[in-house]
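In what follows, chains carry the letters A, B, and so on, assigned in the order in which the sequence lines appear, proteins first and then strands, with residues in each chain numbered from 1. Atoms considered below: every heavy atom in the structure, side chains included; atoms not considered: hydrogens, waters and symmetry mates.
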Number of protein chains: 4
Amino acid sequence: MSKRDQILATTLELVSELGFHATSVSLIIKKSGVAAGTIYHHFKNKEDLIDTLYSELKKEMGNAIVKNIDTQLNYKEKFFLIWENLFTFYLDNPKKFDFLEDYANSPFVRKEIKEINQRHYQAAIDFIISGIEMGILRNFPMDFLINLIFGNVSTLVRMILMEEIQLSDELLENAIQSSWDSVKIN
Amino acid sequence: MSKRDQILATTLELVSELGFHATSVSLIIKKSGVAAGTIYHHFKNKEDLIDTLYSELKKEMGNAIVKNIDTQLNYKEKFFLIWENLFTFYLDNPKKFDFLEDYANSPFVRKEIKEINQRHYQAAIDFIISGIEMGILRNFPMDFLINLIFGNVSTLVRMILMEEIQLSDELLENAIQSSWDSVKIN
Amino acid sequence: MSKRDQILATTLELVSELGFHATSVSLIIKKSGVAAGTIYHHFKNKEDLIDTLYSELKKEMGNAIVKNIDTQLNYKEKFFLIWENLFTFYLDNPKKFDFLEDYANSPFVRKEIKEINQRHYQAAIDFIISGIEMGILRNFPMDFLINLIFGNVSTLVRMILMEEIQLSDELLENAIQSSWDSVKIN
Amino acid sequence: MSKRDQILATTLELVSELGFHATSVSLIIKKSGVAAGTIYHHFKNKEDLIDTLYSELKKEMGNAIVKNIDTQLNYKEKFFLIWENLFTFYLDNPKKFDFLEDYANSPFVRKEIKEINQRHYQAAIDFIISGIEMGILRNFPMDFLINLIFGNVSTLVRMILMEEIQLSDELLENAIQSSWDSVKIN
DNA sequence: GATGAATGAGACTTCATTCAT
DNA sequence: TATGAATGAAGTCTCATTCAT
């Protein structure tokens with residue numbers, strides 16, 4: 001594992017555990033076992049380190065979402081699969097979930113960075129757009145639909161991870177159905 | 001305006017603008033025009049100041065939600081009214097929205113504080129519970145339903161405030177309907 | 001002695017001994033015995049501390065220059081007196097001399113600060129201007145004359161302090177005469 | 001251009017622009033396009049690099065000073081020529097002027113280095129000594145005379161480069177005359 | 001109630017330099 | 001000759017908080 005990867009992995013760990021606010025560069029130094037200067041050799045500054053990690057995770061998430069999508073499936077079946085793909089990615093990678101959520105909600109994070117990284121889940125965006133065009137999904141602005149659906153996934157995942165709710169096949173099935181009911185027409 | 005209120009108002013202003021992360025006590029001192037010691041006269045420490053403000057805002061929000069609920073209305077009509085009440089409170093008080101959202105998402109905020117302040121919207125909780133018991137709402141854990149609905153409201157408000165979507169009567173109507181479709185049975 | 005004055009005195013001491021380059025805030029902290037925060041309570045930043053000290057010293061120098069100037073004296077006599085006043089101030093305050101010289105030569109020092117502090121020796125400036133107007137001094141731009149004369153004083157003082165030359169009444173007399181010969185007409 | 005010369009040229013550029021204080025090795029690395037290790041291959045350390053550059057520039061300056069000195073000229077004529085030679089060298093090489101001035105004024109620069117490089121303008125030194133011995137120049141210690149004259153040149157050059165004064169043939173002529181008047185006897 | 005000078009730990013970052021390749 | 005990843009001490013500055021007035 002390269003020093004660069006050690007730094008990124010440690011940062012993920014710390015932000016997940018403590019949040020951005022409490023994740024200091026000194027902590028990253030101590031936990032990752034690299035020298036202070038090494039961080040600044042690989043990253044312009046703390047912000048660049050965080051943004052880089054965000055970008056990498058967002059890319060990973062984007063790949064996970066469209067995994068195993070059979071083109072033969074109908075729209076609703078694809079919707080259910082994508083929803084579950086995202087859900088599973090988050091649940092299997094709780095630290096990445098924490099990071100991405102914390103990052104997404106941070107007011108100090110530059111909008112521009114978020115927009116650049118939209119490309120990583122362009123497939124999901126195209127899927128939503130096609131649903132609107134085919135008259136299957138509500139005629140909401142695409143962004144709004146994305147935020148509603150992703151928000152639903154996050155809500156469930158967060159509650160499971162915080163042990164405020166217990167996961168079951170039935171719950172998952174119903175949660176996806178609920179999400180589908182909120183965006184489908186009729 | 002008392003010194004105490006100046007401090008609270010300034011804190012709201014700053015957290016809304018900069019987020020918790022960047023809202024330092026010295027900034028509050030400078031902007032509010034009070035002396036450092038004065039803050040610690042009225043509040044135990046920074047955390048206490050933030051928690052106090054959170055509690056006051058949450059109470060305000062709780063009152064706003066149940067405003068003008070006519071007992072004559074049927075369940076769905078009440079749902080629509082409550083949803084719109086929350087939406088309107090947030091949109092009319094964008095700084096309070098920012099604060100409450102940032103607070104809710106902060107991982108360093110103690111769960112215990114959040115729970116204590118649930119009492120401020122107990123009426124809304126009771127309304128959801130009755131909906132489940134009457135078989136009108138999906139049989140999800142109450143918390144999950146609350147999070148889904150409140151999450152939907154936040155998603156719409158955030159996008160409007162960030163000017164990523166434009167508000168219209170039709171959009172609002174459809175957004176509430178979408179939220180209703182996701183939680184109602186059938 | 002107030003904390004603020006302790007900081008200023010220590011800074012003067014250190015810059016004189018080590019130069020700006022090597023005078024770190026940590027060194028000032030250690031030697032002055034104040035806390036880090038105290039420096040930033042009294043001064044905006046390191047630059048502000050340095051600029052403040054410069055301004056105070058320049059003021060002191062300005063006062064020293066015009067000390068004991070008898071209006072009865074003729075122009076040349078006044079010139080000799082002012083020259084010697086500056087010379088004596090520097091020689092009696094070698095640390096202040098070092099600081100002012102180092103500051104004056106620092107390329108990173110803002111011109112604006114230098115200009116603001118010209119007011120502290122406005123009397124000397126007026127004296128030079130009157131000399132030009134009366135046809136006693138060479139018709140050089142005032143700034144140039146000032147720099148030539150002050151430069152001559154500094155050259156002598158620096159060599160004495162570095163023990164590259166030995167002070168005597170005769171040397172001083174001749175040095176002033178040399179400076180006078182360079183600026184007077186004829 | 002060899003790597004070594006690239007490093008020296010870049011260092012000159014940076015010191016001229018930013019001063020020693022702000023000219024870091026990493027800046028030299030970035031601007032010169034060489035690797036960190038390369039600098040330490042050619043120079044023992046940063047100090048050695050600076051001292052080497054100083055020595056080269058001082059040598060160049062020494063050569064420029066005595067250029068075109070016709071042995072037929074009388075003492076005063078030679079004085080004027082040497083003065084103008086130095087002046088012209090500085091004005092034609094403003095970055096070298098900046099570097100040499102900054103170096104000369106840096107308190108952290110070792111005296112020993114300055115002395116070693118005196119040899120580069122030994123001709124000028126000998127010229128001054130002969131002037132004293134012949135009773136043409138004031139009977140000041142040679143160092144003092146050198147510092148006075150070089151100081152006069154620097155004062156004029158600095159003001160021209162900073163656009164605080166405008167160069168003209170007349171100004172230059174008078175400036176040299178002024179300098180001459182300050183050191184000549186009678 | 002209110003002030004603001006003072007604290008010192010810890011924040012982020014840059015520094016000159018080394019060394020295996 | 002040349003590279004550039006790695007070092008870790010030291011840089012400036014901000015932080016939340018205290019306490020004598």
How do Ile29(A) and Ile39(B) order along DNA chain E: which one's closest nucleotide is nearer the 5' end?
Ile39(B)
Mapping Val34(C) and Ala35(B) to their closest nucleotides on DNA chain E, which lands nearer the 5' end?
Ala35(B)
Might you point out which heavy atoms bring [X] and [Y] nearest each other, and give the distance in Å?
{"X": "Ala22(D)", "Y": "Leu27(D)", "value": "O-CD2, 3.6 Å"}
{"X": "Phe99(B)", "Y": "Leu53(B)", "value": "CE1-CD2, 3.5 Å"}
{"X": "Phe89(B)", "Y": "Leu57(B)", "value": "CZ-O, 4.5 Å"}
{"X": "Tyr121(C)", "Y": "Gly62(C)", "value": "CB-CA, 4.3 Å"}

Report the stems of DNA chain E as range-with-range entries sorted by first number; a stem here is at least three consecutive pairs, Watson-Crick or G-U wobble, both distances under 3.5 Å, and write none if there are none.
E:2-21 with F:2-21
Any base atoms under 4.0 Å from Val25(C), or only sugar-phosphate, or nothing? Heavy atoms, all strands.
sugar-phosphate
Lys114(C)/Glu164(D) salt bridge by N-O under 4.0 Å criterion
no
His41(C) NE2 to dT17(F) P, in whole Å, measures 18 Å
Integer-rounded Å distance: dT7(E) P and Ile28(C) CD1
15 Å
Listed by chain and number, what are the side chain to side chain donor-acceptor pair (under 3.5 Å) partners of [X], not counting sequence neighbours?
{"X": "Lys30(B)", "result": "none"}
{"X": "Lys3(B)", "result": "none"}
{"X": "Glu47(A)", "result": "Arg110(A)"}

Contacting residues from residues 42-51 of chain C, given that a heavy atom lies under 4.0 angstrom of DNA chain F
Asn45(C), Lys46(C)
Please state whether the phosphate of dT14(F), meaning OP1 or OP2, lies under 4.0 angstrom from any side-chain nitrogen or oxygen of Ser24(B).
no
Would you tabulate the pairs of protein nitrogen or oxygen atoms and nucleotide nitrogen or oxygen atoms of nucleotides 19-21 of chain E closer than 3.5 angstrom?
none

Residues passing the ring-ring contact (aromatic ring centres under 6.0 Å, His included) test with Phe43(A), sequence neighbours excluded, are none
Taking ring-ring contact (aromatic ring centres under 6.0 Å, His included) as the definition, give me every residue that meets it alongside Phe97(B), ordered by chain and number, with sequence neighbours left out.
Tyr90(B)
Residues in residues 2-23 of chain B with a heavy atom under 4.0 Å of DNA chain E, by number, are Lys3(B)
Taking side chain to side chain contact (heavy atoms under 4.5 Å, CB included) as the definition, give me every residue that meets it alongside Ile29(D), ordered by chain and number, with sequence neighbours left out.
Val25(D), Ala36(D), Ile39(D)
Counting only side-chain heavy atoms from C-beta out, which of dG11(F), dA11(E), dT13(E) sits nearest to Ser26(A)?
dA11(E)
Which whole number of Å gives the distance between the P atom of dG1(E) and that of dT21(F)?
23 Å
For residues 10-23 of chain D, pull every pair meeting salt bridge (Lys or Arg N to Asp or Glu O under 4.0 Å), keeping only residues two or more places apart or in separate chains.
Glu13(D)-Lys95(D), Glu17(D)-Lys31(D)
Can you list the residues that meet the salt bridge (Lys or Arg N to Asp or Glu O under 4.0 Å) rule with Lys46(C), with sequence neighbours excluded?
none
